[in-house]
Participant: 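Can you read through this structure? Questions will come right after.
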Number of protein chains: 2
Amino acid sequence: MKLTKRGEYALRALIGLGIARESGAPIVRIRDLAEKENIPVKFLEAILIELKTAGFLESKRGKQGGYSLAKPADRISIGDVIRKIEGPLAPIACVSQTCYERCSCPDEAHCGLRMVMLEVRNAVARILDAYTLKQTVDAMMRKMREDSVSIPFLSGTEARDSKPLGELAPK
Amino acid sequence: MKLTKRGEYALRALIGLGIARESGAPIVRIRDLAEKENIPVKFLEAILIELKTAGFLESKRGKQGGYSLAKPADRISIGDVIRKIEGPLAPIACVSQTCYERCSCPDEAHCGLRMVMLEVRNAVARILDAYTLKQTVDAMMRKMREDSVSIPFLSGTEARDSKPLGELAPK
DNA sequence: GTAATACTCTATCGAATCAATAGAGTAACA
DNA sequence: TGTTACTCTATTGATTCGATAGAGTATTAC
């Protein structure tokens with residue numbers, strides 16, 4: 001029942017890039033993203049390449065380069081990301097929709113464990129497939145606004161042509 | 001999001017012992033349980049000791065010995081078993097009720113990932129804490145009866161003083 | 001009481017996964 | 001044309017996973 005660091009970092013990176021996009025500065029350097037999200041740079045590098053290969057991100061080399069979302073944030077579901085990075089959502093392969101595999105129990109059709117785990121997998125999938133990156137980012141920003149916290153989409157480096165969201169009340 | 005073999009075997013063993021109890025032959029040998037559930041004997045040994053230490057099982061040595069449930073099946077929740085064997089239900093430590101731990105994100109209070117994962121952990125816990133071993137066993141036996149399948153609580157070894165459930169229609 | 005039985009303990013195993021780091025290489029922009 | 005920043009390959013130590021081996025010990029039936 002566990003999300004690995006790899007998966008956690010992947011999702012936090014995507015969310016970070018979602019915020020960056022929303023903020024009008026969609027392209028972010030690995031280094032900046034790593035610093036902002038407290039993720040080891042080299043580890044993040046590998047994860048971003050994986051996310052790019054999976055079609056979630058695109059990259060630009062050279063000066064002013066970096067990573068950005070490859071598609072609108074409302075077309076990326078958390079569930080799909082986790083499936084790509086971590087594998088199936090199901091806690092046990094015999095209830096997986098995407099990666100079914102028979103297990104060692106003597107009678108799958110009447111396995112009590114399977115019945116329970118099927119409910120779990122459905123509940124998890126219902127949540128994670130419903131949540132898009134956009135919804136997640138929006139919920140985050142809403143909460144920050146409620147608490148009057150400034151949105152630090154590109155804090156750290158002042159450089160780059162970033163336009164801070166005007167309507168936010170700082171402090 | 002994964003249940004390990006250890007956890008799977010533990011739950012299947014408990015369910016097996018739940019059926020055995022229901023069937024009037026509550027004490028089952030490791031060897032028989034392993035054979036019935038397709039679990040490696042030596043691996044199961046270790047798991048049963050763990051379940052005993054955790055208070056779910058009790059054991060009897062010598063002839064006619066074996067393992068049995070230490071308490072009624074409706075006082076054992078699937079969630080508690082998994083917590084003992086696998087650890088916290090939460091996919092990420094920062095949303096765990098039982099084993100909270102701060103994660104590396106810069107602002108936990110406004111972390112979008114955390115919001116999503118909190119929903120997942122609550123959904124999972126709601127299911128797993130509601131299901132007792134008894135409910136699981138009952139659901140299983142009901143389904144078997146529906147499909148007119150005999151309940152094989154002690155198949156394999158004919159020996160021991162087992163009373164087969166009379167009302168079941170074989171084949 | 002004693003032998004068979006069945007749980008208990010310690011130890012070890014290879015394989016796989018996890019989390020992270022190092023360093024050289026290459027495309028692109030100013 | 002040099003700096004920038006992504007890309008690729010390789011390796012690392014630690015931990016967990018799944019499983020097995022074998023000796024030891026308590027209990028019961030006879």
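Letters A, B, ... are given to chains in the order of the sequence lines, protein chains preceding strands, and every chain is numbered from 1.
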Participant: Any donor-acceptor pair under 3.5 Å linking the side chain of A:Asn38 with the backbone of B:Cys105?
Facilitator: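 Between the backbone of B:Cys105 and the side chain of A:Asn38 there is no qualifying donor-acceptor contact (under 3.5 Å).
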Participant: From C-beta outward on A:Tyr67, which listed nucleotide comes closest to its side chain: C:dA19, D:dC6, D:dT28?
Facilitator: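 Selected nucleotide: D:dC6.
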Participant: With heavy atoms under 4.0 Å as the rule, sort A:Lys52 into base, sugar-phosphate or nothing.
Facilitator: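 Sugar-phosphate, no base atom in range.
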Participant: What integer distance in Å separates B:Ile39:CD1 from D:dG18:C1'?
Facilitator: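 Going from CD1 in B:Ile39 over to C1' in D:dG18 covers 13 Å.
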Participant: Using a 3.5 Å distance criterion without hydrogens, assess whether the side chain of A:Asp147 forms a donor-acceptor pair with backbone atoms of A:Val149.
Facilitator: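 Absent.
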Participant: Using the P atom as the reference point in each nucleotide, state the distance between C:dA11 and D:dG18 in Å, no decimals.
Facilitator: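 These two P atoms come out 23 Å apart once rounded.
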Participant: Please tell me if B:Lys63 has a side-chain N or O lying less than 4.0 Å from either OP1 or OP2 of C:dC7.
Facilitator: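 So the side chain of B:Lys63 is outside the cut-off, no N or O lying under 4.0 Å from OP1 or OP2 of C:dC7.
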Participant: Could you check how far CD of A:Gln64 sits from C1' of D:dT3, rounded to whole Å?
Facilitator: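 For the pair A:Gln64 CD and D:dT3 C1', the rounded distance is 12 Å.
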Participant: Report yes if at least one side-chain N or O of A:Arg61 is closer than 4.0 Å to OP1 or OP2 of C:dC29; otherwise report no.
Facilitator: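 For C:dC29, neither OP1 nor OP2 has a side-chain N or O of A:Arg61 closer than 4.0 Å.
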Participant: Tell me what A:Lys5 touches on the nucleic acid: a base, only sugar-phosphate, or nothing, going by heavy atoms under 4.0 Å.
Facilitator: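 Result for A:Lys5 = sugar-phosphate.
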Participant: Quickly work out the A:Lys60 NZ to D:dT3 P distance and round it to whole Å.
Facilitator: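 Distance check: A:Lys60 NZ to D:dT3 P gives 20 Å.
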Participant: Please pick, from D:dC8, C:dA19, C:dC9, the nucleotide with the shortest atom-to-atom distance to any side-chain atom of A:Glu45.
Facilitator: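 The answer is D:dC8, which lies nearest to the side chain.
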Participant: By nearest atom, which of the nucleotides C:dT21, D:dA19, D:dG22 is closest to the B:Phe43 side chain?
Facilitator: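 Within the option list, the nearest is D:dA19.
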Participant: Select one nucleotide: of D:dA5, D:dG18, C:dA20, the one nearest the side-chain heavy atoms of B:Arg6.
Facilitator: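 Nearest to the side chain of B:Arg6 among the choices is D:dG18.
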Participant: Can you identify which nucleotide, out of C:dC7, D:dA19, D:dT7, has its nearest atom closest to the B:Tyr9 side chain?
Facilitator: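 So the side chain of B:Tyr9 is nearest to D:dA19.
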Participant: Looking at CG of A:Leu48 and CG of A:Leu17, how far apart are the two atoms once the value is rounded to the nearest 0.5 Å?
Facilitator: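 Reported value, rounded in 0.5 Å steps: 7.0 Å.
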Participant: Here's a test of your reading of the structure: between A:Lys42 and A:Thr4, which maps to the more 5' nucleotide of DNA chain C?
Facilitator: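 Here A:Thr4 is the residue nearer the 5' end.
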Participant: Consider the side chain of B:Pro40, meaning its heavy atoms from C-beta on, and name the nucleotide among C:dC7, C:dA22, D:dA19 that approaches it most closely.
Facilitator: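 My answer, after comparing the listed nucleotides, is D:dA19.
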Participant: Let me know the distance between CD of A:Glu8 and C1' of C:dA20, rounded to the nearest Å.
Facilitator: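 Between C1' of C:dA20 and CD of A:Glu8: 14 Å.
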Participant: Let me confirm one number: the SG-CG distance from A:Cys94 to A:Leu113, rounded to the nearest 0.5 Å.
Facilitator: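 So the SG of A:Cys94 and the CG of A:Leu113 are separated by 7.0 Å.
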Participant: Is there side-chain contact between B:Gln64 and B:Ile27, with at least one heavy-atom pair below 4.5 Å?
Facilitator: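 No; the side chains remain at least 4.5 Å from each other.
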Participant: Decide whether B:Glu101 and B:Ser96 meet the rule of one side-chain donor and one side-chain acceptor closer than 3.5 Å.
Facilitator: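 B:Glu101 vs B:Ser96: no donor-acceptor pair found between side chains.
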Participant: Ignoring backbone atoms, test whether A:Ser59 places a side-chain nitrogen or oxygen under 4.0 Å from the OP1 or OP2 oxygen of D:dT7.
Facilitator: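 Looking at the OP1 and OP2 atoms of D:dT7, one of them is under 4.0 Å from a side-chain N or O of A:Ser59.
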Participant: Quickly work out the B:Ile47 CD1 to D:dT20 C1' distance and round it to whole Å.
Facilitator: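 Rounding to the nearest Å, CD1 of B:Ile47 and C1' of D:dT20 are 13 Å apart.
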Participant: Just the rounded figure in Å: distance from C1' of C:dC18 to CD of A:Glu50.
Facilitator: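 Rounding to the nearest Å, CD of A:Glu50 and C1' of C:dC18 are 13 Å apart.
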Participant: Just how far, in rounded Å, is P of D:dT7 from CG of A:Leu51?
Facilitator: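 To the nearest whole Å, that distance equals 12 Å.
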Participant: Identify which nucleotide among C:dT21, C:dC7, D:dA5 has an atom closest to any side-chain atom of A:Arg29, counting heavy atoms from C-beta outward.
Facilitator: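 Nucleotide nearest to A:Arg29's side chain: D:dA5.
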Participant: Would you kindly give the CD-to-C1' distance between A:Glu86 and C:dA19, to the nearest whole Å?
Facilitator: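 Atom CD in A:Glu86 sits about 13 Å away from atom C1' in C:dA19.
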